[in-house]
There are 2 protein chains.
Amino acid sequence: MSAFDELMAFQHQTEALSQVAGRLGWDQETVMPRGAAPQRAEEMGALEAVLHARRTDPRVGDWLAAIDDGALDAVGAAKLRHIRRSYARNTKLPEDLATALAKLTSRSQGIWAEARANNDVAHFLPTLKEVVALKREAAAALADGGDLYDALLEDYEPSTSAAEIGAMFDRMRPRLVALLDRVMGATAPTPLSGQFAEVGQLRVSDKLAAAFGYNSDHGRIDKAVHPFSSGSGLDVRITTRVAEHDPFNCFYSTIHEVGHATYEQNIDHAYLLTPLGEGVSMGVHESQSRIYENQLGRSRAFTSWLFGQMQDQFGAMNVTDPEAFYRAVNRVHPGYIRTEADEVQYNLHVMLRFDLERQLVAGTLEVDDLEAAWNQRFAADFGVAVDVPANGVLQDVHWSVGLFGYFPTYSLGNVYAGCLYQALRKAVPELEADLAKGDPSAALAWLRDNLQTHGGLYEPRDVIARACGFEPSEAPLLDYLDAKFGDLYGV
Amino acid sequence: MSAFDELMAFQHQTEALSQVAGRLGWDQETVMPRGAAPQRAEEMGALEAVLHARRTDPRVGDWLAAIDDGALDAVGAAKLRHIRRSYARNTKLPEDLATALAKLTSRSQGIWAEARANNDVAHFLPTLKEVVALKREAAAALADGGDLYDALLEDYEPSTSAAEIGAMFDRMRPRLVALLDRVMGATAPTPLSGQFAEVGQLRVSDKLAAAFGYNSDHGRIDKAVHPFSSGSGLDVRITTRVAEHDPFNCFYSTIHEVGHATYEQNIDHAYLLTPLGEGVSMGVHESQSRIYENQLGRSRAFTSWLFGQMQDQFGAMNVTDPEAFYRAVNRVHPGYIRTEADEVQYNLHVMLRFDLERQLVAGTLEVDDLEAAWNQRFAADFGVAVDVPANGVLQDVHWSVGLFGYFPTYSLGNVYAGCLYQALRKAVPELEADLAKGDPSAALAWLRDNLQTHGGLYEPRDVIARACGFEPSEAPLLDYLDAKFGDLYGV
C-alpha cells in the first residue's frame, strides 16, 4: 500500500470511531438512563482519548510527509487538505493543555448552568476567567504568531478571518438596526395562541420532515431538551421539542434540524467515512438549516400550506386566514434570547457576542467587565435594557464550554442562505407555486446537487460561490430581509 | 505509578470502550435506522479493532510480567487473574485467523438465516464446514495440546471442562427423559388462550420488572425481536417482545432478562469498569435469569399473584382460577424449539447440542452427517420426529456465528439455579408468602448479597458454592423438577 492508501485506511477507522462518539452523544441526550451519567463520562473519555491519540499519531505525520500532493486528483487533494489541517492543529496543542481544557470545560458547564438558574453572574466569573485564560493559551499555541481569534475560528470556519467577518458585520449592523427600528414602530401582528396537543404537533412535525426531504431510512426523530442533528452518512438523527402553547417552536426546530441532517445525508456516498463525508463548516451547515427554516419554511407560500395542515390537525385557531398566519409566523417580537429571535434580530444577537468574545480573546475586555459591556450593547442595538443575567450574559452555553469563535458561523450561515436563496429563485422559477403546495423538492434537489453532495470537497466559501455563481456577500440577505419585513410590516 | 496501577488505568479504558461496543449493539437491535447497517458495520469493526489491539497490546504483557501477584490482595489478584487469562487467549490466537473468523462468521449468519427461512440445510452446510474448520484451528491454537472443546468452552465458562459437564449431563439425562415420559402420559393442562393487547402486556411487564428489582435509573426497557440484556454497571438495558396471543412470552422474557440485568446492576460499584465489574461467566449469569424466571417467577405462589394482575389488566380469561393459571404457565408441551421449551425439556435440548458440537469439534462427526445425527437423537429424547430443518438442526443461530462451547452454559445455569434455590428456601423461610404477594425482594436481596455483588471476584463454581454453602451439583435441580412436575401432573 502507498502512504496515501495507508493514511486513508487509518483515517477511515478514525472517522468511524468519531461517528461512534457522535452516537454516544445522541444516546446521552435522548435515551440514556438518568443514573448512567458518571459511567458515560468514563466511556466518552476513553473514546475521546482513543480519537485524540489517532489524530496526533506520529504515523499520520510520517504518511503526510511521504505523500506527494501534486500527484493526487482533486478528491485526494481535498482529503489531504482536511487531514493536514487537523493533524497540524492537534499536534500544535500541548497534551497537558488539551487535557486541562477538557477537564475545565466539562466542569464549567455545570457551574454556568447553576449561575444561570440563580441569575448569579459572580458564581460563574471565576470559572469563565479560567476558560478564557486557557483558550487564549490554546489560541497562542495554534496561531503561530497570527491573530488569536482567527486561530480559534478556524476550528469551525476554515479559510476566513475575524477581520473579514468583522468588516461584514459592520456593514450589516446599521441596516439591521434601521430595519428593526422601522418594524418596531409599526403595528405588531396577532400572535398565534392556544393549546396545541403534543401528538398533533409531532404529526405535523413528521409531515414537515418528510416534505423537507428527511430520509427516515437513514435517520430517526426523537424528542430532546435542545433540538440537534447528529451523525453523518447513513445514520443522521435529529431531535425536536414540543411546547404546547407554541407549535412554531416544534415545527421550525424540526425544519432547521432537517436542513442540517439532509446536508449530511445528501453528501456523495463515495465520501462516506472519509474527511469529505461531513458538512464542510459550521457556516455552510447553518446555511442549509436556515434556508430550509426561513427562506423556504417561513415564506408566504409555504406558510399558506402549513396553515391548512394546522387547520386539519387542530381545527379552528385564533388566526383565521393564511396571510394572518404568515404574519404570526414571522412576527418580530422584543426578546432577549438569541435562540428565540426572529429573522430581523437574530444576527444582531450574534454580532454582540462576536464583538465581545473577540475582545475577550484579544485581552482588551476583562471578564469582570463583560456583563456591563453586554448590557450596554444590548440596549444600543435592541432598544431594551437586559432585565436579568439569564436573559443577558448568562443565556448561551457556548463560552462556558470554551466555544469561542463559534458564534459568527451562525450569521455566516444566514448570509450564505441569503446568497443561495437568490440563486435558487433563478434556478427554480416555479419555487413559490411549489411551496404553496407544501412541496420544496425541486429547491431541495438544487441544494443537494449544487452544494450538499460535495461534502468537504471545496472550501466553505468556494462551495457557496460555486452553487450561487457569484461571490457570497451580505447584500442578498439584507435585501431579502428589507423586502420581506418591509412588505410584512408596511415599513 | 506501579506496573499494577498502570495496567489498571489501561484496563479501565478498555472496559469503558467495551461498554461502548455493547451500547452500539443495543442501538443496532432497538433504535438504529434500517439503512444504517452498512455504516454501522464499519463503526463496529473500527471499535473492535481498537479493542483487539488493546487486548493484545505488548505493554499489557510487560505489565503482567512486572507484577508480583503474591503482593496483591484478593481483589487485586482476581483482577489480575481475569487479565492474564484474557491476554493469554487473545495473544495465542493468530491475527489472521481472528480476522478470518470475524469475516466468516459475520457472513455466515446471513447464510444460516436464509437456509432456515427456506428449510434448506444444503445451503448452509458448506459455510458451516468452514466455520467448524476455523474454530477447530482456533481451538488448537488455544488448547496448548489439551482438549479442543475445553479451549472453546473457556471463553464462556472458565475453570470447567467438557468431561465434567458431559458426566453431569449423563447423570441428568435419564432422569429428565423419565420425567418427560411420565408427564407426557398424563393429562395436559388447559393452555391460556385469547388476545392480549400489547399495551396491557407491557404494563404488566413493567410491573414484573419492578417487582424483580430492575433499577430503571440505571437501565431502560425496549422492544426487540429477540429479548436480551446489555451493558454493565450504571447502564444495563433490557429488551422484551410481545406476541398478542401469548403474554407469557413477554412476561417471562422480561423476568429472565431482569435476572441478567440485575446481576450486572448489583455488582459492587467499586468494581465498575474493572475486570470484576461484569458477571463472572455465562453459566452464573444464566443461573440468575433462570432462578428469577422459573423457581421464583413460575412458582405456584408467584403465579397466583400474577393471575390477579392479569385479571386486573385483561378481565376474565379462559383460565379462571390461580391453580389452573399455575398449570397453564407450567404446561409441558411437545415442541421442537429450545427457546420455547418448558423446564422439563429445556436441558434435553441443550444436551443434544452439547453432544453434537463436542463431536464436531473433536472431528468425530462430519458436518455432512450432522442433520441425521440431530434427528436421530431428537426422536430418542423427545419421542417426536423433527418435521423440518428450521425446527431441527437449523433452529439456533449459535453455530453459524461460531459459538461452539456456549450451549452447555445454559444448562449449567439451570443446575446452579437449582442449587441456589435450595439454599434460598432455607435462608428466606417466608419466601412462599412473599411470592404470593408479588414481592420477591427478600429473595433478591439474598441473591444480591451472596452472589451478584461479587461480580468477577470468585471463579464461577466457587461463587455458587459460597452462596449455597455446598458444592453445586445437578441433584437439587432434578429433585425440584421431579417434585414440581410430579405434583403438577400427578405423576
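Computed over heavy atoms, backbone and side chain alike; hydrogens, waters and symmetry mates excluded. Lettering follows sequence order; numbering is per chain, from 1. All figures in this text were calculated on a predicted structure; none of them were measured in a lab.
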Original post:
Which one, Ala46(B), Pro38(B), Ser18(B), Gly45(B), leads in non-hydrogen pairs under 4.5 Å with chain A?
Top reply: Ala46(B)
**OP:** Against chain B, label Leu272(A) side chain, backbone, both or neither, depending on which of its atoms sit under 4.5 Å from a heavy atom there.
**Re:** side chain
**OP:** Identify which part of Leu24(B) has an atom lying under 4.5 Å from any heavy atom of chain A, answering side chain, backbone, both or neither.
**Re:** side chain
Original post:
Given a strict heavy-atom distance threshold of 4.5 Å, which part of Thr14(A) is in contact with chain B: side chain, backbone, both, or neither?
Top reply: neither
Original post:
Is chain B contacted by the side chain of Asn215(A), its backbone, both, or neither, given a heavy-atom distance below 4.5 Å?
Top reply: neither
Subject >> Arg54(B) to Val50(A) - nearest heavy-atom pair and separation >> reply: NH1-CG2, 4.5 Å
**OP:** Examine whether an atom of Ser216(B) lies under 4.5 Å from a heavy atom of chain A, and if so say whether it belongs to the side chain, the backbone or both; otherwise answer neither.
**Re:** backbone
Original post:
Which bit of Met44(A) is near chain B, if near means a heavy-atom gap under 4.5 Å: side chain, backbone, both or neither?
Top reply: neither
**OP:** Mind listing the closest non-hydrogen atom pair of His218(A) and Ala36(B) along with its distance?
**Re:** CD2-N, 4.1 Å
Original post:
Among Arg23(B), Glu15(B), Gln13(B), whose side chain to side chain contact (heavy atoms under 4.5 Å, CB included) with Glu43(A) holds?
Top reply: Arg23(B)
**OP:** Take Gln19(B) and Glu42(A) through the side chain to side chain contact (heavy atoms under 4.5 Å, CB included) test and state the conclusion after the steps.
**Re:** CA-CA 10 Å; Gln19(B) 289 297 313; Glu42(A) 299 297 314; over 6 Å; no
Subject >> Heavy-atom pairs under 4.5 Å with chain B, option from Asp222(A), Leu273(A), Asp217(A) with the top count >> reply: Asp217(A)
Original post:
By a 4.5 Å heavy-atom criterion (distance strictly below it), what part of Arg34(A) contacts chain B: side chain, backbone, both, or neither?
Top reply: both
Original post:
Counting only N and O atoms by type, is there a donor-acceptor contact under 3.5 Å from the side chain of Gln39(A) to the main-chain atoms of Ser232(B)?
Top reply: yes
Subject >> Interface moiety of Val236(A) toward chain B, non-hydrogen atoms closer than 4.5 Å >> reply: neither
